[in-house]
Structures are given as structure tokens and as C-alpha cells.
Chemist: 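Sharing a structure with you now.
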Amino acid sequence: MPRKIAVGNWKMNGTAADLDQIKALAPTAASAGVATLICPPASLISRAAGLGVDIGAQDCHAGVSGAHTGDLSAEMLADAGATHIITGHSERRQDHNETDADIAAKTQAVWRAGLTAIICIGESEAQYRAGETLDVIAAQLAGSVPTGAGPQNTIVAYEPIWAIGTGLTPTVDEIAKVHAFIRAQLAKALPEGAEVSLLYGGSVKASNAAEIFAVADVDGALVGGASLKAADFGPIVTALATAS
Ligand code: 13P
């Protein structure tokens with residue numbers, strides 16, 4: 001069975017004062033009994049680690065070390081206390097022109113450091129409107145998920161770009177169709193592909209979490225805005241724990 005996991009992506013938000021949100025989330029995460037991960041900005045990772053919730057990073061460089069001003073390697077993020085690293089978030093694909101090949105290389109760097117990669121895929125609004133969603137997803141899976149991926153080192157997050165930060169979500173039928181497609185593609189491509197956890201991301205909040213988690217092949221969520229406050233994210237973690 002794929003493992004359930006609730007992941008919060010703080011993006012470029014949070015300073016030391018916000019560590020209290022992680023402390024406040026810890027008892028909920030512990031009692032819910034599902035894996036819970038917060039990915040704060042890299043500046044907070046070392047201080048966030050050890051507060052009772054697993055901590056991840058939002059990006060890494062593909063290399064180990066060297067002349068790359070401003071970049072952080074997966075090894076450095078592991079050293080700071082990260083257990084997971086997000087690769088291929090649409091904001092990095094858009095803002096930093098990251099390609100599928102870049103994301104595959106970063107994912108291999110995550111594995112090299114002994115961490116789990118959370119590989120993000122998802123179509124744009126124009127692609128959605130043109131009915132190209134499954135074609136886009138297939139191409140992104142083929143290009144950004146390296147052979148060697150399995151449940152022990154990889155999670156895949158489906159985040160339709162038009163649903164991120166907009167309050168819009170696909171219908172549960174649309175989420176079900178895309179997740180079933182991703183599951184089938186991974187099962188075909190990888191020996192243990194069917195066991196990889198699949199997350200939905202895009203405007204998940206406490207009020208829609210339960211219906212999204214009831215969808216077949218949804219093993220958790222990648223949450224942006226609603227992960228910043230423990231009072232918002234805690235109920236999402238609890239909804240995941242109670243989902244069948
Ligand atoms: P929102 O939950 O704010 O829509 O963000 C989703 C996301 O991009 C998480 O990585």
C-alpha cells in the first residue's frame with residue numbers, strides 16, 4: 001500500500017517566529033499517525049528540524065558542492081535536517097526555467113543524499129482547457145522521474161498549475177482520472193511504481209480535504225497557503241488520517 005503523507009510547502013514564507021506553527025502542529029501530527037512534513041524556506045530548516053514534525057526542502061542543486069553561488073546541495077539540506085526535497089514544483093519550472101531533465105538530475109541528487117524526492121507535475125490552464133492534461137502528465141513523468149524511482153525514495157505530486165493559490169480545484173472525478181493515470185504510468189515504468197505515494201496539490205484546505213482524500217489513488221496532499229498556520233493544516237492532517 002502507498003503510504004499516506006500530508007506535506008506543507010511554505011514557499012517563500014516564514015521567519016523564526018513561524019517555528020511556533022510547527023511546534024503547534026506536532027501534537028496533531030503525532031496523534032493523527034500519518035506522516036506529516038513541513039517544507040519551510042531553507043533558512044529555517046535547521047531550526048525547524050527536531051520540533052516534532054518531519055522537515056523537507058523546496059529545491060536543491062543537482063551537484064554535491066562547488067562554485068554555484070546561492071545554491072544548496074541535497075547533501076547540505078540533509079545535513080541541515082531535511083528528510084525530503086521537493087523537485088520540479090511548477091513555480092521553479094516557471095520562475096527558473098527548470099526542464100524535465102533538470103528535475104530528473106535534481107531528483108537523482110536527492111537520492112544520492114539518501115533523501116526522498118517529492119516530484120511535482122501538472123498542466124497549465126491553457127493545457128487543461130485544450131484537453132491536454134494526460135499528455136502533459138505522461139511527458140512530465142517520462143522526463144522527470146528517473147528509473148530507480150520507487151516507494152522508498154520517491155513521492156509524486158499532481159498539482160494543476162491553475163489550481164495553485166487560486167481557490168479553484170479540479171472536480172473529484174478529474175482528480176481521480178489523473179491520479180489513476182499516474183498510478184498506471186508509474187506501475188508500467190517501474191518495478192514498484194504502483195506503491196509510490198501520490199499527492200494532490202492545489203487549493204487544498206480543511207473544507208475540501210476530506211472529499212479529496214476520499215478519491216481513489218490520492219494518498220495525501222501537497223498544501224501551500226493552508227499549511228502556514230497549524231490551525232489550518234492540523235485539520236487537513238486529521239482528515240488524511242481518517243480517510244479510508
Ligand atoms: P496552494 O495550496 O496555496 O494552492 O499551493 C499549492 C502548492 O503549490 C503546494 O506546493
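Values below: every heavy atom of this structure, side chains too, minus hydrogens, waters and symmetry copies. Atoms within each ligand, like the ligands themselves, are counted from 1 in listed order.
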Chemist: Would you indicate whether Lys205, at its atom NZ, is surrounded by more than 12 heavy atoms from other residues, nucleotides or ligands within a distance under 6.0 Å?
Modeler: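 It does: Lys205 NZ has more than 12 such atoms within range.
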Chemist: Regarding atom 1 (P) of ligand 1: of the candidates Ser227, Gly224, Ser90, Ala226, which has the closest heavy atom?
Modeler: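 The nearest heavy atom belongs to Gly224.
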Chemist: Are Val7 and Ile85 linked, directly or through other ILVMFWY residues, by side chains that come within less than 4.5 angstrom of each other?
Modeler: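 Looking at the clustering, Ile85 is in a separate group from Val7.
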Chemist: Tell me yes or no: between the side chains of Gln140 and Tyr158, is some donor less than 3.5 Å from an acceptor?
Modeler: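 Not at all, the side chains of Gln140 and Tyr158 share no donor-acceptor pair under 3.5 Å.
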Chemist: Just checking, is any N or O donor in the side chain of Glu159 or His89 under 3.5 Å from an acceptor N or O on the other one?
Modeler: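 Distance-only check passes for Glu159 and His89.
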Chemist: Near Ile164, which atoms of ligand 1 are under 4.0 Å from a heavy atom of that residue?
Modeler: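 Contacts of ligand 1 toward Ile164, numbered from 1: 4 (O), 5 (O), 6 (C), 8 (O).
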Chemist: Should you measure from each heavy atom of Leu222, which atoms of ligand 1 turn up under 4.0 Å away?
Modeler: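 Listed by number with element: 9 (C), 10 (O).
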Chemist: Can you report which non-hydrogen protein atom sits closest to atom 3 (O) of ligand 1, along with the distance?
Modeler: Gly225 N, 2.9 Å
Chemist: Which residue holds the protein heavy atom closest to atom 7 (C) of ligand 1, what is that atom called, and what is the gap in Å?
Modeler: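 Scanning the protein heavy atoms, the shortest distance from atom 7 (C) of ligand 1 goes to Glu159 OE2, 3.0 Å.
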Chemist: Does one side chain, of Thr87 or Thr107, offer a donor that lies under 3.5 Å from an acceptor on the other?
Modeler: yes
Chemist: Against ligand 1, does Ser203 come closer than 4.0 Å with any heavy atom?
Modeler: yes
Chemist: I'd like to know whether CZ of Arg129 has more than 12 heavy-atom contacts from other residues, nucleotides or ligands below 6.0 angstrom.
Modeler: no
Chemist: Heavy-atom distance to atom 10 (O) of ligand 1: which of Lys11, Lys205, Glu91, His89 wins?
Modeler: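 It is His89 that holds the nearest heavy atom.
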Chemist: If you count the atoms of ligand 1 from 1 in the order shown, which ones are under 4.0 Å from a heavy atom of Asn9?
Modeler: 9 (C), 10 (O)
